[in-house]
Amino acid sequence: MSDRLFERGNTPFADRDALSDHYTPDDLVGRDAEIKQYTNYLEPAVWGEDPNNIFVYGKTGVGKTATTRYLLDNLERDTAEYDDTNISSLHINCDGLSTSYRVAITITNELREPHNQISESGHSTSEVYNRMWEAIDNLAYDPDKPDRTNIVLLVLDEVDHTETGEDSILYQLSRAGENNTLEHARIGVIGISNDLTFASSLSPKVESSLCQKKLFFDTYDANELQEVLRQRAKIAFKDDALRDGVIPHCAAYGRRQSGDAREALDLLRAAGDIARNEGLETVREEHVEQGIDRVQREEVIEGIRTLHEHSQYCIYALATLEAEGATPSRTRGVYERYELVCQLAGVDSLTSRRVRDFLRELSMLGAVETHDQNKGKGGGQFYEFELAHPLETMVTALDDMIEDVGMHSSIEEYT
Ligand SMILES: Nc1ncnc2c1ncn2[C@@H]1O[C@H](COP(=O)(O)OP(=O)(O)OP(=O)(O)O)[C@@H](O)[C@H]1O
Ligand SMILES: [Mg+2]
C-alpha cells in the first residue's frame with residue numbers, strides 16, 4: 001500500500017467549483033419570463049432616465065441573485081457604447097448589516113479604495129451618511145463629462161435583514177431620486193428578499209418607494225431544474241461522466257425541496273464527491289441516493305444543534321431507548337427517560353406537556369418520526385415516537401451535549 005495519505009485518483013469532475021454557490025453562470029436557463037419583466041423594469045436606465053426602484057422576491061434558490069447579477073452585468077456592458085449615459089452597479093448583501101449605520105458604512109467602503117476605508121465605529125450617523133452619499137455621487141462622476149447622466153443601481157440583497165423604518169437608510173436611498181439628495185448621480189434601488197411577507201410588513205410609505213416595481217420569481221419545476229443542472233454539468237463534469245438518470249434524479253429532489261436550484265446543484269456535487277471517493281469517473285444514480293442521505297443528515301445535524309437544550313435531552317432520551325430496542329415509544333416512556341437524562345445533566349426536568357411539545361417540534365424538523373396509533377373505540381388514541389435517522393447520525397448531532405451531560409450506557413457503542 002502507498003504510504004501517501006493524499007493522492008489524486010480518478011474523478012468525474014472537470015471543474016467542481018462550477019457547482020459552488022459563488023459561481024456566476026454566463027447564461028441563465030429557465031427564467032425567460034422573469035428576465036423579460038426585469039429587463040422592462042430596467043429599461044429607463046438604458047435611456048439615461050430615472051431608474052425604477054425594483055423589489056425582487058421569491059423563495060430561496062430560485063435565481064433572484066443570479067438573475068440580478070447576470071442582468072446588471074449585461075446592462076453595464078451593453079450600454080457602455082452610449083456616451084451620454086453611464087451605468088454602474090453595486091451589490092451589497094444585507095445579511096449581518098442589521099442597522100442603517102452598518103449598511104451605510106458597507107456601501108461607503110465598497111465604493112472607496114482599499115487604502116481609504118472608513119472604520120466601522122466612532123463616527124456620528126450623519127457623518128457616515130454624508131460619506132455614503134458622497135461616495136455614491138462620485139462613483140461615476142467625470143468632471144470632463146459634465147453632461148453625462150450617471151446612473152447608479154444599488155442592489156440590496158437579503159434586504160429583509162436590515163432596518164426598514166421611515167427613518168432607515170433603506171427608505172432614504174429609495175427616496176434619493178425624488179429628494180434630489182445626489183448632485184451628479186441618479187440612483188435606483190433593487191431590493192431582494194426570500195421573505196414573501198416582507199413587502200406587506202413595510203409601512204405604506206416605505207413600501208411604495210422601495211417597491212415601485214415588483215418582480216416575483218416562481219419556484220422551478222422539475223424540467224427547469226434539469227435545464228439548470230445540465231447547463232452547469234457541462235462545465236463541472238467531464239464528458240459522459242454522468243449516467244442518464246443522475247440529472248433527472250437531482251432535479252426531482254430539487255423540486256421536492258420547493259423548486260430550489262441551490263439544493264439540486266448541491267446534491268449533484270455531493271453525488272460527484274461520493275463517486276470520486278469511490279475512485280470512479282462516472283456518477284450513478286446510487287450516488288445521488290447516497291447524496292440525498294448525506295445532505296439530509298447534515299441538515300438534521302445542523303437543525304438539532306440549534307435546538308433548545310431540553311429538546312436535545314428529549315432526543316437523547318429517545319436515542320437511548322432506540323439503542324435498547326424500545327422504540328417506537330409512547331410519550332410516557334420518552335418522558336421517564338428524559339427525566340433520567342435531566343438527572344444525569346443535573347438540571348430540573350420540565351413538565352410532560354413541554355416534552356410533548358418538543359416531540360412535536362422534533363417531528364416537524366424531521367428528526368423524529370411520529371406514529372399516530374388509533375386503536376378505535378375503547379383503545380384510545382396515542383402517539384409513538386422513534387428516531388427518523390440512524391442512531392449514529394443522532395449521536396453525532398448530539399455529541400457536544402452528550403459530552404456535557406455524560407454518556408448513557410446504551411449508546412456507548414454508537415459513538
Ligand atoms: N436559471 C438559472 N440558471 C443557472 N443557474 C441558476 C439559475 N437559477 C439559479 N441558479 C443557481 O442556483 C443557485 C441559487 O440561485 P440564487 O443564488 O440566485 O438563488 P436566490 O433566489 O438568490 O436564493 P436566496 O433567496 O437563498 O438568496 C446559484 O448557484 C445559482 O447560480
Ligand atoms: Mg440570493
Side-chain angles (χ1 to χ4, degrees), residues 41-42 44-45 50-57 64-65 68-69 72 76 86-114 116-141 149-215:
Y41 290 162
L42 291 167
D50 282 335
N52 286 311
N53 291 332
I54 306 169
F55 177 61
V56 177
Y57 65 114
K64 301 180 298 295
T65 300
T68 301
R69 285 193 190 279
L72 292 187
E76 284 186 46
N86 175 279
I87 302 183
S88 317
S89 69
L90 178 66
H91 199 116
I92 302 282
N93 192 316
C94 299
D95 186 13
L97 308 179
S98 55
T99 62
S100 290
Y101 182 89
R102 296 220 46 211
V103 171
I105 293 215
T106 305
I107 294 174
T108 310
N109 281 337
E110 279 289 323
L111 296 175
R112 285 182 167 221
E113 299 290 334
N116 200 18
Q117 303 274 298
I118 57 174
S119 57
E120 292 275 328
S121 58
H123 312 278
S124 69
T125 307
S126 63
E127 190 185 337
V128 170
Y129 285 12
N130 284 339
R131 294 199 180 173
M132 180 197 74
W133 293 122
E134 187 184 272
I136 295 174
D137 221 3
N138 289 328
L139 174 59
Y141 179 61
T149 304
N150 299 307
I151 290 183
V152 177
L153 296 174
L154 174 64
V155 181
L156 297 172
D157 208 340
E158 309 200 16
V159 62
D160 47 292
H161 289 243
T162 192
E163 281 180 72
T164 55
E166 288 175 14
D167 52 1
S168 68
I169 198 67
L170 179 68
Y171 184 52
Q172 292 191 33
L173 284 162
S174 64
R175 289 291 302 266
E178 279 164 62
N179 293 346
N180 291 323
T181 314
L182 296 161
E183 203 180 332
H184 306 299
R186 294 182 179 194
I187 183 171
V189 175
I190 299 175
I192 305 180
S193 174
N194 57 25
D195 176 352
L196 302 186
T197 63
F198 177 72
S200 56
S201 73
L202 299 171
S203 83
K205 269 164 74 179
V206 178
E207 207 247 7
S208 78
S209 286
L210 184 69
C211 313
Q212 278 170 350
K213 303 287 178 193
K214 275 197 206 169
L215 182 59

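Numbers for residues simply follow the sequence, beginning at 1.
The shortest heavy-atom contact between N53 and I187 is OD1-O, 4.4 Å. Considering all non-hydrogen atoms of both residues, S88 and A140 come closest at OG-CB, 3.6 Å. Taking every heavy atom of both residues into account, H161 and C94 meet most closely at CB-O, 3.4 Å. Taking every heavy atom of both residues into account, Q172 and D167 meet most closely at NE2-O, 4.1 Å.
Side chain of T162 to backbone of L97: a donor-acceptor contact under 3.5 angstrom is found. Side-chain N or O atoms of Q117 include one that pairs as donor or acceptor with a backbone N or O of E113 at under 3.5 Å. No donor-acceptor pair under 3.5 Å is formed between the side chain of S209 and the backbone N or O of V206. Of the possible donor and acceptor atoms, none in the side chain of R112 sits under 3.5 Å from a partner among the backbone N and O of A135. Between the side chain of S100 and the backbone N or O of S168 there is no donor-acceptor pair closer than 3.5 Å.
A donor-acceptor pair shorter than 3.5 Å can be found between the side chains of E76 and S89. Checked by atom type, the side-chain pair S193/D160 shows a donor-acceptor distance below 3.5 Å. In this model, a donor atom of one side chain and an acceptor atom of the other lie less than 3.5 Å apart for D195 and T197.
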Problem set entry | salt bridge (charged side-chain N to carboxylate O under 4.0 Å, His left out) evaluation trace for R102 with E163 | CA-CA 10 Å; R102 296 220 46 211; E163 281 180 72; over 6 Å; no
For this session: Take Y129 and Y101, measure what ring pair (Phe, Tyr, Trp, His ring centres under 6.0 Å) needs, and give me the verdict at the end.
Result: CA-CA 8 Å; Y129 285 12; Y101 182 89; 8.0 Å; no
For this session: Please assess H184 against N138 for the test side chain to side chain donor-acceptor pair (under 3.5 Å), listing each intermediate value before the final yes or no.
Result: CA-CA 7 Å; H184 306 299; N138 289 328; 4.9 Å; no
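With a 4.5 Å cut-off on side-chain heavy atoms, V159 and F198 count as touching. Annotation: side chain of I92 is not in contact with side chain of V155 (no heavy-atom distance under 4.5 Å). Looking at I192 and Y57, their side chains never come closer than 4.5 Å, going by heavy atoms from C-beta outward. Within the 4.5 Å cutoff, the side chain of L72 has heavy atoms near those of the I190 side chain. Looking at heavy atoms from C-beta onward, K205 lies in side-chain contact with Y171 at the 4.5 angstrom threshold. Using a 4.5 Å heavy-atom cutoff, the side chains of N86 and I151 are not in contact. In this structure, the side chains of W133 and L173 come closer than 4.5 Å at one or more pairs of heavy atoms. In this structure, M132 and L111 have side chains that are not in contact, with every pair of non-hydrogen atoms separated by 4.5 Å or more.
Atoms CG and CD1, from N150 and I87 in turn, are 10.5 Å apart once rounded to the nearest 0.5 Å.
Heavy atoms of other residues, nucleotides or ligands lying less than 6.0 angstrom from CD of E183 number 12 at most.
Between E134 and R131 there is no salt bridge, since none of the side-chain N atoms of the basic residue sits less than 4.0 Å from a carboxylate O of the acidic one. Between K64 and E158 there is no salt bridge, since no side-chain N of the basic residue sits under 4.0 Å from a carboxylate O of the acidic one.
None of L170, N93, L90 except one satisfies the side chain to side chain contact (heavy atoms under 4.5 Å, CB included) rule with L156; the exception is L170.
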